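Input: a single structure, listed below in structure tokens.
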Amino acid sequence: MATAPLRSAQGRPLFRRWGRLALDLLFPPRCAVCGAMGAFLCPACLSSMPGALPPRCPVCWRPGRFTPACESCREQPPAFRALRAPYLMAGAARDAVHALKYSHFSALAEDMGRLMAEFAASSDPSGLSPSGRSLDADLAVPVPLHGRRRRSRGYNQSALLARAVGGALGLPVNEGALVRRRDGPRQARAASAEERRRNVEGAFLGRGGLDGSRVLLIDDVTTTGATLDACARALREAGTSSVCCLAFARED
Ligand SMILES: [Zn+2]
Ligand SMILES: [Zn+2]
């Protein structure tokens with residue numbers, strides 16, 4: 001008979017907390033943005049992160065005043081119900097995203113994921129729930145990397161964020177719900193929304209076993225939402241009843 005791992009009052013397995021404590025003593029945490037000792041994101045950098053503030057499209061989070069949605073969402077409705085990101089891809093928020101993605105600063109994911117979870121769980125302005133009050137999701141799913149890219153980096157930064165978000169919100173994480181069939185070209189900064197859409201069209205495949213589930217799809221950064229839309233489409237084709245998207249930062 002399987003026994004549950006020993007858990008602390010906070011529900012986190014005790015060995016993980018002790019392991020983290022031992023690691024912190026050996027390698028005290030340093031701020032990934034400014035290098036200050038004490039935390040992976042120091043209070044000063046945390047408070048300087050630019051928020052992706054409303055007014056924004058209630059569907060795709062594009063800045064502007066739109067009711068019920070922006071022109072693009074009305075003409076080509078995305079496969080997700082709503083997309084949200086607490087921060088703009090600028091300043092300390094961009095530094096944190098880059099540290100997680102390119103500098104192997106994977107310990108940062110826990111703090112970033114917690115910030116995303118707090119934003120998603122806040123009644124306003126997350127808007128991820130139709131009721132506008134609480135989060136409607138049964139599981140968290142990360143945007144997958146292509147196998148080759150994941151192997152070269154050693155981890156998928158979105159999967160680390162999904163684990164942290166799932167842990168904070170009490171949602172199970174299904175890292176195998178989506179697979180990336182091909183590695184598209186890197187999205188160039190200047191690429192148009194239409195080019196971005198074409199680059200990721202059909203790039204993802206949803207696995208079975210998702211019937212009727214409500215998915216919270218997790219990524220680190222979003223620009224036009226094209227990747228999240230392609231992922232949401234694959235998840236919907238695999239039988240999920242709804243998809244909401246949560247990214248750490250948005251490129252406005
Ligand atoms: Zn700092
Ligand atoms: Zn929109």
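Ligands are counted one by one from 1 in listed order, and the atoms in each one are counted from 1 as well. Fair warning: this is a prediction, and the values are worked out from it, not measured in the lab.
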(request) Treat each ILVMFWY residue as a node, draw an edge where side-chain heavy atoms are under 4.5 Å apart, and state whether Leu178 and Leu139 are in one component. (result) yes
(request) Heavy atoms only: give me the nearest Leu246-Ala120 pair and the separation to one decimal. (result) CD2-CB, 3.8 Å
Output the distance between atom [atom1] ([X]) and atom [atom2] ([Y]), rounded to the nearest 0.5 Å.
| X | Y | atom1 | atom2 | value |
| --- | --- | --- | --- | --- |
| Arg151 | Asn156 | CZ | CG | 13.0 Å |
| Asp138 | Leu171 | CG | CG | 8.0 Å |
| Asp95 | Met89 | CG | CE | 9.0 Å |

(message) Taking the basic N atoms (NZ, or NE/NH1/NH2) and the acidic carboxylate oxygens, is any pair closer than 4.0 Å for Glu201 and Arg233?
(response) no
(message) Under a 4.0 Å threshold between the charged nitrogen and the carboxylate oxygen, would Arg198 count as salt-bridged to Glu195?
(response) no
(request) Can you list, by chain and residue number, the protein N, O or S atoms under 2.8 Å from the Zn ion (ligand 2)? (result) Cys57 SG, Cys60 SG, Cys70 SG, Cys73 SG
Table please: side-chain donor-acceptor pairs of residues 140-148 below 3.5 Å, with sequence neighbours left out.
from, atom 1, to, atom 2, distance (Å)
His146, ND1, Arg148, N, 3.3

(request) Below 2.8 Å of the Zn ion (ligand 1), tally up the protein N/O/S atoms for me. (result) 4
(message) Considering only residues two or more places apart or on different chains, which pairs with a residue in residues 228-252 satisfy ring-ring contact (aromatic ring centres under 6.0 Å, His included)?
(response) Tyr87-Phe248
